[in-house]
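A short worksheet on the structure shown next.
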There are 2 protein chains.
Amino acid sequence: MAPETVDLYQIKEKMYVATDCIIFGFHQSKLKLLVFKRKVSPLEGEWSLIGSFVRLDEDLDIAGQRVLKETTGLENVFMQQLRTYGKKDRDPGYRCISVAQYALIRIDDYSEELVEKHGAKWYEIGDLPELILDHNQMVQDALEQLKQNARYKPIGFELLPEKFTIPQLQALYEAIYQRELDARNFRKKVLSLNVLEKLDEKDKSSSKRGAFLYKFNYENYQNLLTAGYNFEFS
Amino acid sequence: MAPETVDLYQIKEKMYVATDCIIFGFHQSKLKLLVFKRKVSPLEGEWSLIGSFVRLDEDLDIAGQRVLKETTGLENVFMQQLRTYGKKDRDPGYRCISVAQYALIRIDDYSEELVEKHGAKWYEIGDLPELILDHNQMVQDALEQLKQNARYKPIGFELLPEKFTIPQLQALYEAIYQRELDARNFRKKVLSLNVLEKLDEKDKSSSKRGAFLYKFNYENYQNLLTAGYNFEFS
DNA sequence: TCAAAAGTGTTGATTATACACCCATGT
DNA sequence: ACATGGGTGTATAATCAACACTTTTGA
């Protein structure tokens, strides 16, 4: 829209535009969410997603990246727009729409200091506290989209360290889908995609025998995408 | 509320929130899009999506419904949020984010007068003119999402009249996917879903023999959904 | 009678699912 | 030596994909 004239109504009162970040992480076979305790009134002390107003001179997605950097120290992170929440009374007192974006981070990469400085905390999905406004709804929607996306994109890899084992990858998908998967079928399928490179190292952190580490091959993944494969697991 | 002209200084200090509607229709086996010719400067005479600023006292989705009603006369139409476009320079001179929403309408329901009054026109997908700003991108994204959605929801039914034939339904899916489908396999699959009710009438508008009319059974569809079926066609 | 679209089944290929035992190793 | 998680193959069922002819009827 680029009109020449504008309703006075729009000028007098202000429409606020915010972005809220749904930050997922994965640790010890659990899918987690970063929430933080509001330090300012109103709703001080309540749990909330991490957000900010969008600045006039910044792109929407950059605003999300900024919030993420401020709270976790991470840059260039996988982040995707979820949807925009715009009920007129979603924020009592203000007219504020919020563009929700979700990020997937490798949970051992984030800066613990920054997170603590912001009063933030990792909560397990399924054990979330009540969040302010429509933030619980946002999380639920994000989870839904995460499930959807995981079918068609190897999105889950964003949540794992660079080197990971197949059992770890399986645990991640189990956390996202919230059900158990068959280990043989999972391994078969994920290896058949040809996007994993087996390394010579083993990870012994979760068994005596140890499991081989793999890394993700982005080139092969690109080829897969153009060929139109899907990442659905049974 | 009478519009008033404002100067650029004021405009640049403010974040505008608009919504743009991607209105799909289906007619004569063609998927079409409703676009309109701008009547105001800047970009007067250019083709554009139909949009509006979001009012302070209206929900985001209501704004979309309002735009739709103003241009087509239709109410209570299937409409879904696509995503929000928020590049800082997407609209030169203004800082305006736009929430794109897409609608599917039965093309013989709309009001021709209203459409003409707004200088709007139906264009075939695949034969679209150049649209202002990032509107072509919006359409492309909407088409992509339409394809995705059509896999999991019988979304296409919104585009057909209440009574329709199976060949019509197939033509719709072919228009969405932009490829031909096998008539036998299509019929087999769609009937196996148990969401169509065969009527005793035939439609003879496209063949001498005539094709049986069907209608959609929303109850059975609800059952399907909870059972987790998908509407993917090969 | 013929042109044009509607309607109908089968088969082979592919993919999904279910399932149980041995391996390697640290304690 | 044993407990623990890692790793492997096969057989059945389900689904997908490809394919051609007959029917109906208005012109």
Side-chain angles (χ1 to χ4, degrees), chain A residues 27-30 147 150-152 160-161 163-175 177 179-215 224 227-234, chain B residues 27-30 150-152 160-161 163-175 177-215 224 227-234:
Chain A
H27 191 49
Q28 291 174 335
S29 298
K30 305 282 185 188
K147 281 187 212 180
R151 291 175 119 86
Y152 298 108
L160 291 172
K163 300 173 183 180
F164 53 87
T165 69
I166 290 186
Q168 278 165 14
L169 183 60
Q170 179 176 341
L172 168 59
Y173 272 88
E174 288 178 338
Y177 290 142
R179 70 190 172 93
E180 292 187 353
L181 300 174
D182 180 278
R184 274 171 297 189
N185 292 340
F186 182 85
R187 178 180 297 265
K188 214 185 309 173
K189 172 124 188 189
V190 83
L191 287 177
S192 77
L193 299 177
N194 246 51
V195 292
L196 297 188
E197 267 175 44
K198 190 173 185 173
L199 305 176
D200 277 336
E201 309 165 65
K202 281 192 166 189
D203 171 283
K204 298 209 170 183
S205 64
S206 76
S207 81
K208 330 242 156 134
R209 180 182 178 179
F212 277 103
L213 287 162
Y214 288 78
K215 66 179 193 181
L224 248 202
Y229 204 79
N230 89 58
F231 283 77
E232 193 163 5
F233 289 99
S234 52
Chain B
H27 191 51
Q28 291 174 334
S29 298
K30 304 283 185 186
R151 290 176 120 86
Y152 297 110
L160 290 172
K163 300 173 181 180
F164 52 86
T165 68
I166 291 186
Q168 277 166 14
L169 184 60
Q170 180 177 341
L172 169 58
Y173 272 88
E174 288 178 338
Y177 290 142
Q178 293 175 108
R179 69 192 172 92
E180 292 186 355
L181 301 174
D182 179 277
R184 276 171 294 191
N185 292 339
F186 182 85
R187 180 180 295 264
K188 214 184 308 171
K189 173 123 188 191
V190 81
L191 287 176
S192 78
L193 299 177
N194 246 51
V195 293
L196 297 188
E197 269 175 42
K198 189 173 185 173
L199 305 176
D200 276 335
E201 307 165 66
K202 280 193 166 188
D203 171 284
K204 298 208 170 184
S205 64
S206 75
S207 81
K208 329 244 158 134
R209 181 180 177 179
F212 278 104
L213 287 162
Y214 288 78
K215 65 178 195 182
L224 248 203
Y229 203 80
N230 89 59
F231 282 77
E232 192 163 6
F233 290 97
S234 52

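Just the heavy atoms: all of them, side chains too, but no hydrogens, waters or symmetry mates, feed the values below. Just so we're on the same page: letters track the sequence lines, and every chain starts at 1.
- One can place CG of A:L181 at 13 Å from P of C:dA16, the figure rounded to the nearest angstrom.
- We find that CZ of B:F212 is positioned 14 Å from C1' of C:dA5, with the value rounded to whole Å.
- Atom C1' of nucleotide D:dA17 and atom OH of B:Y177 are separated by 16 Å, given to the nearest angstrom.
- When B:L160, B:L199, B:L191, B:L169 are each tested for a side-chain contact (heavy atoms from CB on, under 4.5 Å) with B:Y214, only one passes: B:L191.
- With B:E197 contributing its side chain and B:K215 its backbone, the two residues share no donor-acceptor pair below 3.5 Å.
- What you find for A:L181 and A:Y173 is that their closest heavy atoms are CD1-CB, 3.8 Å.
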Once base and sugar-phosphate atoms are separated, protein heavy atoms under 4.0 Å mark nucleotides 19-26 of chain D, 5' to 3', with B, S and - as BB--BBBB
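- For the pair A:L196 and A:F164, the minimum side-chain heavy-atom distance is below 4.5 Å.
- In this entry the distance linking CG of A:D203 with P of C:dT25 reads 14 Å, nearest Å.
- Atom NZ in B:K189 sits roughly 19 Å away from atom P in C:dT8 (whole-Å rounding).
- For A:K204 against A:R209, the heavy-atom pair with the smallest separation is CE-O, 3.8 Å.
- If you measure from atom CZ of B:F186 to atom P of C:dT8, you get 14 Å, rounded to the nearest angstrom.
- The distance between atom CZ of A:R187 and atom C1' of D:dG9, rounded to the nearest whole Å, is 13 Å.
- When A:K189, A:K188, A:R187 are each tested for a side chain to side chain donor-acceptor pair (under 3.5 Å) with A:N185, only one passes: A:K188.
- Rounded to an integer number of Å, the gap from CG of A:L169 to C1' of D:dG7 is 15 Å.
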